[in-house]
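Structure first, commentary second.
Each ligand, and each atom within it, is numbered from 1 in the order the structure gives.
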Amino acid sequence: MTLNIKNLLGIAVLFSFSVISAQVRTSYTFEKGWKFTREDNADFIQPDYNDVKWQSVVVPHDWAIYGPFGIDNDKQLTAIAQDGQKEAMEHAGRTGGLPFVGVGWYRLNFDAPSFAKGKKATLIFDGAMSHARVYVNGQEAGYWPYGYNTFYLDVTPYLKEGMMNTLAVRLENETESSRWYPGAGLYRNVHLVVTEDAHIPTWGTQLTTPVVKDDYAKVNIKTTLVVPSGKQFDAYRIVTELKDKNGKVVTTNEKQGTRFDDNVFSQELVVTHPALWSPETPVLYQAVSKVYEGNTLKDEYVTSFGIRTIEVIPNKGFFLNGKRTPFKGVCNHHDLGPLGGAVNDAAIRHQIRILKDMGCNAIRTSHNMPAPELIRACDEMGIMVMAESFDEWKAMKVRNGYRHVFDEWAVKDLTNLIRHYRNNPSVVMWCIGNEVPEQWDGNKGPKMSYFLQEICHREDLTRPVTQGMDAPDAVVNNNMVAVMDVAGFNYRPHKYQENYKKLPQQIVLGSETASTVSSRGVYKFPVTRQWMKKYDDHQSSSYDVESCSWSNLPEDDFIQHEDLPYCIGEFVWTGFDYLGEPTPYYTDWPSHSSLFGIIDLAGLPKDRYYLYRSHWNKEEETLHILPHWNWAGREGEITPVFVYTNYPSAELFINGKSQGKRTKDLSVTINNSADSVSIMNLKRQSRYRLMWMDTKYEPGTVKVVAYDANGKAVAEKELHTAGTPDHIELVADRDVIKADGKDLSFVTVRVVDKDGNLCPDASHEISFKVKGAGTYRAGANGNAASLESFQRPRMKVFSGMMTAIVSSTEQSGKITLEATGKGLKKGVLIIESR
Ligand code: GAL
């Protein structure tokens with residue numbers, strides 16, 4: 001029985017007999033009540049400093065995403081060596097053109113009712129960008145430079161019992177410290193954990209499943225206990241219960257500590273008929289560990305885990321639960337488009353739903369540590385993760401990069417990453433680096449790789465380790481790749497076969513692939529394969545024929561991973577567009593976000609999405625026609641039509657006239673399509689996409705009829721020339737959301753004609769009003785050269801579309817989103833918040 005007398009005494013006191021979990025471990029997440037400034041003053045650490053004039057903010061908070069965009073925000077005068085640049089150029093949008101450089105301070109007054117003398121208090125920062133200096137009640141509690149990592153500090157000596165405490169955090173971002181938009185500030189959550197003196201420390205459990213069979217699995221759990229001075233480990237006892245996904249206890253184990261245990265309880269439990277974790281069946285278990293001193297409960301710690309096996313078998317591939325499972329993966333940066341770096345669970349889950357529908361089964365957290373919300377969502381929703389650490393070691397990629405802290409911090413950073421996520425079933429591989437210049441240094445590269453990989457092995461022997469290398473010849477010749485558990489190659493798929501011959505692992509991972517560039521709804525003529533092609537409008541063609549000088553088209557990777565048995569799959573650069581890196585428009589302000597995404601910055605799929613879906617998610621029907629069919633002025637001109645489909649063939653009709661049937665050309669092989677003529681002629685593409693290169697434009701209807709392998713017509717789709725813009729269509733991804741002030745509904749906004757056809761040229765400015773139990777959170781249109789504010793409830797549609805993001809408040813009720821635009825009938829959408 002628990003009796004809460006908070007209301008009687010005004011302070012939280014819990015009396016209890018058996019339900020004591022809340023008493024032995026309390027976790028607070030500090031979201032509200034923060035004050036923020038961009039000024040810098042040493043006095044800000046003082047508890048009595050008067051911060052009332054500072055801005056009130058809610059954490060997670062990204063101070064830079066509010067803009068304004070500016071050409072001088074982190075303008076980098078540099079030559080990007082890894083992109084082959086020889087002379088310095090002015091890269092204005094390289095890191096997104098947003099004001100993240102400089103200092104920011106956060107302050108919070110908080111009470112921690114469960115803290116008392118003899119207890120322990122730990123502050124956990126899921127990530128703070130960057131160079132965090134943390135002060136509690138005026139005293140420095142710690143420093144952590146790397147903005148992406150989770151770190152924790154023992155703040156027991158600084159906390160006051162029964163009183164208000166003051167937390168002050170100073171953050172500083174340097175110019176030229178990143179190759180993409182890093183975000184700024186307390187952009188991930190901050191927690192305070194209060195425990196007893198004897199307690200399980202942060203990430204103090206390590207759980208493995210050494211034996212997994214159909215009828216049973218062995219679960220090994222090692223639990224560290226911090227034993228207060230004057231006490232012995234053998235005074236403590238642990239009871240661990242394993243619970244299935246319904247919360248039912250499936251097995252229990254109890255163990256008394258002995259003085260030979262090095263303060264670690266090691267328990268082995270057996271789960272009969274285990275339900276295995278996989279992307280299709282993301283089943284989770286929980287280990288609930290209770291530590292007692294005599295009969296007094298000292299700590300209770302919950303570890304979420306999954307039961308699964310992973311194995312990399314030479315020449316055969318990556319195996320999950322004994323089944324060959326190629327990575328159909330994407331690389332993603334951490335930013336959430338218009339929400340910036342500020343972590344949001346709903347936004348992450350929205351991204352994962354879109355990716356899963358495409359058939360994606362894996363994410364590489366390029367090029368740094370992910371937010372815990374992402375890993376939890378991947379555990380729960382079924383996405384494998386390659387968890388990455390660094391973009392830079394000791395050799396320079398950017399002037400103020402990680403190299404300055406590498407010597408002191410690399411081991412600590414890598415250790416935290418692994419301890420944090422080593423119990424998460426979604427994480428299947430560690431990644432120690434990305435395209436580090438040490439690749440070319442036969443003296444340093446292999447040794448540093450070995451060293452960092454050994455840190456991973458020290459912390460976790462169950463997962464293979466890789467790194468993304470883009471200098472295949474150098475790393476094959478200097479042994480750097482031979483050191484790695486898994487050979488990870490970035491780009492250059494044409495080198496896979498040659499390099500494989502020298503690989504001791506006999507395995508090739510496409511750790512980063514494609515870097516195809518395109519802009520949603522933008523098509524360029526004539527349709528020819530292009531590299532680093534630039535246009536006056538700062539966009540790239542959505543015919544999916546353009547890439548960088550070092551990169552290629554999706555099919556150039558598909559064919560390798562399909563035909564070479566030792567290829568274990570790929571991580572496409574990138575799943576979602578991200579802020580920064582507007583390649584090939586390096587110096588062409590206002591370009592400031594990427595064109596690499598399969599999905600744009602607004603979360604709207606580009607045509608390429610359907611190409612990947614047709615190949616990765618064959619169980620579901622994909623039948624997608626491109627381009628749009630509004631080409632006034634192109635009448636009679638050659639306007640090729642492409643169809644992305646999972647079916648082997650299709651027939652195309654323009655205004656009822658057959659344009660012929662196309663069939664995927666399965667006679668195309670890696671080697672008969674590698675010459676320059678085949679490359680220019682899109683020969684490889686003809687194995688995966690259906691292309692009518694000579695069709696001529698006439699307004700009307702494009703229809704495609706798809707045939708299955710037996711030649712039977714099984715599906716059809718039509719695309720119409722749209723008439724004049726008539727009204728605004730609003731479609732929510734979720735029309736019932738949680739009334740927690742954090743949940744989001746992503747509303748697709750389309751300008752359509754009277755029959756509901758998308759008007760692909762529309763660029764109307766749309767204004768939004770939100771009434772009721774919600775607020776307008778942000779909007780994005782996917783135009784990488786647009787400098788419109790993300791937060792202002794007014795934005796131009798790009799290629800007829802954009803996304804408006806509506807947030808719940810803590811009040812439940814109806815949310816009404818109203819969208820208006822000149823000359824358009826308004827759109828109204830009701831969302832329910834519960
Ligand atoms: C890779 C790099 C990525 C990104 C990409 C663009 O070389 O690892 O971070 O820059 O190129 O194509």
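Sorted by first and then second residue, the ring pair (Phe, Tyr, Trp, His ring centres under 6.0 Å) pairs with a member in residues 515-537 read Tyr523-Tyr543, Tyr523-His628, Phe525-Tyr543, Phe525-Trp631; sequence neighbours excluded. Each ring pair (Phe, Tyr, Trp, His ring centres under 6.0 Å) pair with one or both residues in residues 352-375, not counting sequence neighbours, appears once here: Trp180-His367, His333-His367, His367-Trp573.
For ligand 1, residues of the protein lying within 4.0 angstrom by heavy-atom distance are Arg179, His367, Asn434, Glu435, Asn490, Tyr491, Glu512, Ser515, Trp550, Trp573, Glu581, Phe596.
Between His334 and Tyr187, the ring planes are perpendicular. Angles over 60° get that label, and only those under 30° would be called parallel. Between Phe406 and Trp393, the ring-plane angle classifies as tilted under the 30° and 60° cut-offs. Using bins of under 30°, 30° to 60° and over 60° for the plane-to-plane angle, the ring pair Tyr610/His624 lands in the parallel bin.
Pro145 meets the side chain to side chain contact (heavy atoms under 4.5 Å, CB included) test with His131, Tyr143, Val405, Trp409; sequence neighbours excluded.
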